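Here the structure is laid out as structure tokens; the discussion comes afterwards.
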Amino acid sequence: MITKRVLLTGGAIGLAAAAGSRWWTTPSRATETFPVTHTDAEWRALLTPDQYAVLRQSGTERPFTSKLLHEERPGKFACAGCGTDQFSSATKFDSHTGWPSFWAPLDGAVETARDTSFGMVRDAVNCTQCGGHMGHVFDDGPKPTGLRYCMNGVALTFKPSAA
Ligand SMILES: [Zn+2]
């Protein structure tokens with residue numbers, strides 16, 4: 001009887017640890033509901049394989065591969081998943097990291113979640129409208145915010161301003 005109780009307790013602790021671990025390593029929070037929702041099959045049809053890997057599977061594109069890296073025109077950078085404007089060209093800067101970088105998002109466009117995958121503590125940046133994973137935010141950016149929103153270019157589309 002004593003042995004059984006110990007086993008049950010140990011099992012409960014193991015389950016709790018597993019549940020906690022899952023929460024912290026799942027920044028895209030698949031259980032959360034968003035204004036824009038699609039089934040997994042629909043996302044696969046809507047997105048390119050590279051876009052799907054980043055937006056829906058929290059992947060990271062290879063650095064220096066995005067054509068948006070040197071996009072210098074005025075305009076808005078929008079979520080490739082749902083089209084919501086997320087960053088203005090006015091906050092874009094060259095971080096020399098190989099990923100498009102911004103020092104601030106547009107109001108309400110993104111949310112952050114702690115991401116401890118790959119043995120690092122980072123804050124993942126997700127689209128508030130579709131939950132898509134965009135990139136990460138770090139605190140080594142330029143003034144005025146001191147933040148560096150390190151984005152996957154493949155998760156963004158660029159909309160140049162009308163001249
Ligand atoms: Zn989105």
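Since the model is a prediction, treat every value here as computed from it, not as a measurement. We count ligands from 1, going down the list as the structure has it; atoms in each ligand are counted the same way.
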Qualifying residues under ring pair (Phe, Tyr, Trp, His ring centres under 6.0 Å), relative to Trp43, sequence neighbours excluded
His38

Would you list the protein N, O or S atoms within less than 2.8 Å of the Zn ion (ligand 1), leaving out water?
Cys79 SG, Cys82 SG, Cys127 SG, Cys130 SG

Let me confirm one number: the CG-CE distance from Asn152 to Met134, rounded to the nearest 0.5 Å.
8.0 Å

Asp50-Thr48 side chain donor-acceptor pair, cut-off 3.5 Å:
no

Salt bridge (Lys or Arg N to Asp or Glu O under 4.0 Å) between Glu42 and Arg44: does it pass, once the steps are laid out?
CA-CA 5 Å; Glu42 287 169 343; Arg44 284 182 185 276; over 6 Å; no

Aromatic contact between Phe77 and Phe102, with the criterion being ring centroids under 6.0 Å apart: yes or no?
yes

Is there a path from Tyr149 to Leu106 through hydrophobic residues (I, L, V, M, F, W, Y) whose side chains come within less than 4.5 Å of each other?
no

